[in-house]
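Heads up: the structure comes next, in C-alpha cells.
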Amino acid sequence: MKRVHLLLVIALYLFFPVSSFATEVAQFRGKVIDASTQAPLAGATIYITDLKAITSTNAQGEFILKNVPAKGKFLLEVRFVGYKTYSTVVDLGSQHNLVIPLSPSVIESAEVVITGSPFSSNNKTNSLSVVTVGKTQLAQSGGTNLVDAIAKIPGVSQVSTGGAISKPIVRGLGYNRVLTMVDGAREEAQQWGDEHGIQVDQFSAARIEILKGPASLLYGSDALGGVINVIDDLVPAPGVHNGAFSSTYSTNNGLSASSLMLQGNNDGFVYRGRASYKNAYGFGYKDTTVPNSGFNELDFNGMLGLNKSWGYSHLSFSRFHTNIGLVENGPDAEGKFLNEDGDVISQSEAKKRELGLPFQNLTHYRAALNSNFILGKGQLKTVFAFQSNIRKEFEESVQEPGLNLNLKSYTYDVKYNFPNFGEWQPAVGVQGMYQNNVNSGEEFLIPDYNSNNIGAFVYLKRNFTKGAINAGVRYDYKKMNGKDLSFNGEQIFNGFNNEFSNVSGSLGFAFEVAKNLVLKGNAGSGFRAPNIAELGANGRHEGTFRYEIGNSNLKQETSLQFDLGLEYTAEQVTFGLNAYANRIFNYIYPGNFNQETIPFNNEDGSVETLPVYRYVQTNADLYGGEASVDFHVVKSLHFENSFTYTKGVNRANDQALPFIPAASISNEIRFEPNVKGLTDSYLKVGVTNTFKQARFDSFETQTNGYTLLDAGFGTSFNTGKGKLNVWVTGQNLLNKEYYNHLSRYKPVGIYNPGRNVTFGISVPFL
C-alpha cells in the first residue's frame with residue numbers, strides 16, 4: 001500500500017509538470033482608505049489565504065502583493081484595528097489598483113476567512129457553523145494546552161485529565177468523532193484513548209477553525225461530529241525576516257512555557273522555525289496539590305517552501321515530545337494523598353517536577369507537503385503527510401514500558417477547484433490513509449493492525465449577491481485488519497478483517513435576509529467506522545480504572561444532522577443563534593453492564609478486580625444550540641454573553657448518553673481604554689455559570705453546578721520590530737472547589753484546578 005501512495009505522488013507531479021504550473025508573474029496593487037473621510041490607512045494588513053500571500057499598506061495607504069498569478073479569482077481580506085474587517089473576491093486578471101474602503105467599527109476585527117472548505121470564503125457565504133479563534137485570544141486564554149484554550153467557545157468542551165491532556169468535545173461528540181487537522185493533514189495519534197490528547201505545539205497555532213456538525217463530506221470518516229482545524233501563520237511579505245519570543249508562567253501548577261520563532265521570505269523562498277518548551281508540577285485546588293499530575297514538553301517544528309506566481313508549496317515538519325504523569329488514586333476520606341506505604345504526601349513532595357510511576361512518554365513526528373498549484377484559472381490543492389506516533393506507558397519500571405504502541409500513518413488529500421462555470425464553483429477531491437500499528441511492550445490493550453481507507457467527493461457552490469448555496473456527495477471505503485496475538489501461551493487477540501463503506505451528502509445555504517442579518521442552514525449526513533479499540537480492545541489502559549473489551553462485529557455509525565443559524569452584525573450589537581438536531585444510527589459507546597468484573601494480575605504479583613466495559617451500539621439523538629449576544633454601547637466597552645446546551649438521548653431506553661457536557665452561560669465585560677503610548681490595552685472580568693448535569697449514563701454520576709470568576713488585563717507597546725505584548729489572565733479567582741462533568745479525575749474525588757494566574761509576554765525581534 002505504501003507503494004501505491006508513492007506512485008500517486010509521482011503520477012501527480014508527472015501529470016502536472018512544473019512548466020504547466022508556470023504563469024505570468026504579476027503584482028496586484030491597491031489602496032486602503034477610510035470609508036468616511038477618504039483618508040489613506042497606513043498599516044492595514046492584506047491577505048490572500050489561498051496563495052499564502054500577505055502584505056501591508058504604506059504611509060499613503062497603498063499596497064503591493066508580489067509574485068501572485070496574473071489571473072484567477074481569490075478571496076482577499078483586509079484588516080485594520082478599529083475598522084470592520086473587509087473581504088471580497090478579486091479577479092487578478094482584470095482588477096487593478098483596487099480601492100478598498102474600510103468602515104470604522106467598535107466591533108473587534110473578526111476572523112472572517114473560512115479555509116476548512118474547498119473554497120476559502122467569508123462567513124456570510126459559508127453555510128457551516130464555524131467559529132474561529134485567533135492567536136491573541138489563544139495566548140490570552142490562560143489555557144494549559146491547545147484544547148483547553150478553546151474550551152469556552154460555545155458548543156465546545158473538553159474531556160480533561162489534569163492540566164496536560166484535553167480532548168475536544170463538539171456538541172456532545174468527541175474522541176474519533178471529532179477530527180483534528182494540523183498542517184492541512186488529519187492528525188492520527190491513537191485518539192481513541194481517554195487520556196490521549198492532541199500532539200500540537202500550542203504556540204504554533206495562528207488560528208483555529210472549529211467546524212461544528214458533520215463534516216464527513218469534506219473530511220471523511222471521523223469528522224462525524226466536527227473538525228478542529230489548526231492553522232499556522234501565513235508567511236511574511238517578500239523581503240521581510242522577523243522573529244518572536246513568547247513566554248508564560250502559571251501559578252497553579254508552576255507551568256512555565258516558552259517559545260522562540262524565526263521566519264522570513266526571500267523573494268518567494270519562505271521558511272519558519274520554532275522551538276517550544278513546557279514544564280509543570282502537579283495542579284492544585286485549595287490547599288491540595290495532586291501528586292504526579294505534572295508534565296513536560298519539548299517541541300520542534302519548521303517549514304520550508306516556495307511562494308511563486310504558480311502558487312505555493314510548503315514542506316512542514318515537527319517533533320512533539322512530552323512526558324505526562326498519571327494519577328492512579330484519589331485522596332482519602334480526609335482529602336489527603338497517600339503514597340504506597342500509606343504515608344501522607346506533603347505539598348513539597350507533590351510539587352516536585354520529577355515524574356514518578358506511572359507516566360506516559362509520547363513522541364509524535366509529522367511531515368506534510370502542502371501545495372496549491374494554479375492551473376489556468378483553476379487550483380490544484382494537495383497535502384501528502386507522514387506521521388509516526390510512539391506512545392509508551394511506564395508502570396512498574398522506568399526502563400521498560402508496559403504499553404508500547406507505534407503507529408505509522410500515511411495520508412493524502414488531492415482537490416481540484418475548477419474555474420467558475422458561470423456562477424457555479426465546482427470542486428472534486430480524493431483523500432485516503434494507510435495505517436500500521438505495532439505493539440512492542442509486554443502489556444496489550446489493542447491488537448496490531450493495518451487499515452486502508454479512501455474517499456472521493458464532488459462539491460458545488462454558487463455565490464449570489466446576498467449569499468450562497470452549496471451541495472455535495474461523497475463515497476468512502478475503509479478496510480481494517482486486526483491481527484492474532486498470543487503472549488506466554490495465552491490468546492490475547494483474535495484476528496478480524498472488517499470492511500466499511502458509505503455514501504454521504506450535504507446541502508446548505510447562507511442568505512442575507514436583511515441588512516446585516518444572515519440566515520444559514522445545513523443538512524448533512526456523517527459517517528464513522530469503528531476505531532481499533534471499539535473493535536479489538538482486550539485489556540486495561542493505565543489510569544482508566546477499567547478493563548475494556550471490544551466487539552469486532554460492530555457496524556459503522558451514520559448520522560443525519562440539521563443545523564439552522566441566524567447572525568446579526570450591526571454597529572453596536574451582534575448576536576448569533578444556532579440550533580441543531582443530530583440523529584446517529586448505530587452509535588457506539590462503552591458500558592459496564594450487569595456489574596461485570598474481571599480479576600487483573602498486576603506486574604508486582606497483586607490481583608486487582610476491575611469493572612469490565614464492553615462496546616455496544618444503539619440509535620441516539622443529540623440536539624441543542626448556542627446563542628451569543630455582544631453589546632458594544634461605546635467604543636471602549638464591550639459586554640459579551642453566550643449560552644450553550646446539549647442533550648444526548650439513547651433511543652433504546654430514553655436514557656442519557658455518556659460524556660455530555662452540562663449547559664453553561666458565560667458573561668464578560670471588556671474595557672479597552674485609549675492609553676497614550678500604548679495600544680490594544682484591555683481589562684476584562686468574566687463569570688461562567690455551569691448548570692447541574694442531572695442526566696448521565698449508568699457509569700457516570702450527577703455533577704453539581706458551579707460559578708467561576710475570571711479576569712485579565714494586558715497591553716501592547718509599539719517597537720521598531722513590531723508589538724511587544726504583555727498580559728495577565730486569572731482563572732477561578734475565588735478558588736472554587738468543583739467538578740467538571742467531563743473530568744476523568746471526578747470519579748476518584750479529584751477536583752478541577754483551583755485559582756490560577758498566568759503572566760505572559762511576547763517580544764518581537766529582527
Side-chain angles (χ1 to χ4, degrees), residues 1-5 8 173-180 185-194 196 216 219-225 385-389 391 403-413 430-440 444-456 474-486 491-504 526-539 541 548-559 584-590 613-617:
M1 190 62 204
K2 298 178 185 177
R3 294 179 179 177
V4 174
H5 289 211
L8 279 172
L173 296 174
Y175 294 80
N176 282 79
R177 298 184 182 96
V178 172
L179 187 64
T180 300
R186 55 185 294 153
E187 180 178 83
E188 292 296 324
Q190 313 281 13
Q191 58 266 35
W192 46 264
D194 285 283
H196 302 168
S216 296
Y219 296 95
S221 180
D222 292 5
L224 182 143
F386 166 75
Q387 297 171 74
S388 175
N389 185 265
R391 182 178 298 276
L403 192 69
N404 188 350
L405 298 173
N406 192 332
L407 174 67
K408 288 183 170 58
S409 304
Y410 306 81
T411 61
Y412 58 90
D413 185 342
V430 178
Q431 299 159 329
M433 175 175 64
Y434 174 78
Q435 288 186 310
N436 183 65
N437 187 82
V438 177
N439 282 279
S440 300
F444 308 97
L445 176 59
I446 61 172
D448 294 352
Y449 74 92
N450 57 62
S451 70
N452 182 26
N453 53 300
I454 186 170
R474 180 188 181 100
Y475 174 77
D476 282 282
Y477 170 82
K478 181 170 185 175
K479 185 176 182 179
M480 183 173 288
N481 301 321
K483 300 180 180 180
D484 278 310
L485 177 66
S486 297
Q491 185 75 17
I492 306 296
F493 300 110
N494 294 313
F496 59 86
N497 295 288
N498 289 3
E499 297 182 17
F500 308 94
S501 62
N502 187 72
V503 176
S504 54
F527 156 71
R528 184 181 78 90
N531 65 45
I532 186 60
E534 294 163 342
L535 290 170
N538 185 23
H541 192 182
E548 299 178 8
I549 298 178
N551 179 0
S552 61
N553 295 317
L554 292 174
K555 300 177 181 178
Q556 66 202 39
E557 293 181 341
T558 57
S559 73
I584 302 179
F585 302 93
N586 297 315
Y587 178 88
I588 302 169
Y589 70 103
Y613 280 72
R614 297 181 181 271
Y615 288 95
V616 297
Q617 293 189 286

Verdict with reasoning, Y589 to V616, per side-chain contact (heavy atoms from CB on, under 4.5 Å): CA-CA 6 Å; Y589 70 103; V616 297; 3.6 Å; yes
Just by distance, do the side chain of D448 and the backbone of N439 share a donor-acceptor pair under 3.5 Å? yes
So, for N176 and W192, which heavy atoms are closest and what is the spacing to 0.1 Å? OD1-CA, 3.2 Å
Taking the side chain from T180 and the backbone from E187, do they hold a donor-acceptor pair closer than 3.5 Å? no
So, taking the atom named CG in N551 and the one named CD1 in I588, what distance separates them when rounded to the nearest 0.5 Å? 9.0 Å
To the nearest 0.5 Å, how far apart are CG in L224 and CD1 in I584? 5.0 Å
Expected output: side-chain Q617 to main-chain K555 donor-acceptor under 3.5 Å: yes
Going from CG on N531 to CZ on R177, what distance comes out if it is rounded to the nearest 0.5 angstrom? 8.5 Å
D194 and E548, any side-chain heavy atoms less than 4.5 Å apart: yes
Taking distance alone, no hydrogens or angles, what donor-acceptor pairs closer than 3.5 Å link side-chain atoms of residues 493-503 to residues at least two apart or in another chain?
unit_1: N494; atom_1: OD1; unit_2: Q491; atom_2: NE2; d: 3.3
unit_1: N498; atom_1: ND2; unit_2: S552; atom_2: O; d: 2.9
unit_1: E499; atom_1: OE1; unit_2: Y477; atom_2: OH; d: 3.2

Nearest heavy-atom neighbours spanning F386 and S388: CZ-CB, 4.0 Å
Between the side chain of Q190 and the main-chain N/O of N389, is any donor-acceptor distance below 3.5 Å? no
Closest approach of G536 to P447 (non-hydrogen atoms, all atoms of both residues): O-CD, 3.5 Å
Would you compute the distance between atom OG of S451 and atom CG of N481 and round it to the nearest 0.5 angstrom? 8.5 Å
Does NZ or CZ of R528 fall inside the cone over Y175's six-membered ring, less than 6.0 Å from its centre and within 45° of the axis? no
With a 4.5 Å limit on heavy-atom distance, are the side chains of N450 and K483 in contact? yes
Flag side-chain contact, heavy atom, 4.5 Å: R474 against S504: yes
Rounded to the nearest 0.5 Å, what separation is found between the CE atom of M433 and the OH atom of Y410? 13.0 Å
Please find the pair of heavy atoms, one from G455 and one from D476, that lie closest to each other, and give the distance. CA-OD1, 3.6 Å
Which residues satisfy the salt bridge (Lys or Arg N to Asp or Glu O under 4.0 Å) test with R186, sequence neighbours excluded? E188, D222
Taking every heavy atom of Y615 against every heavy atom of A533, the minimum-distance pair comes out as CE1-O, 3.7 Å
Going from CG on N437 to CG on N406, what distance comes out if it is rounded to the nearest 0.5 angstrom? 7.5 Å
Minimum heavy-atom distance between L179 and Y219, given as atom pair plus value: CD2-CB, 3.7 Å
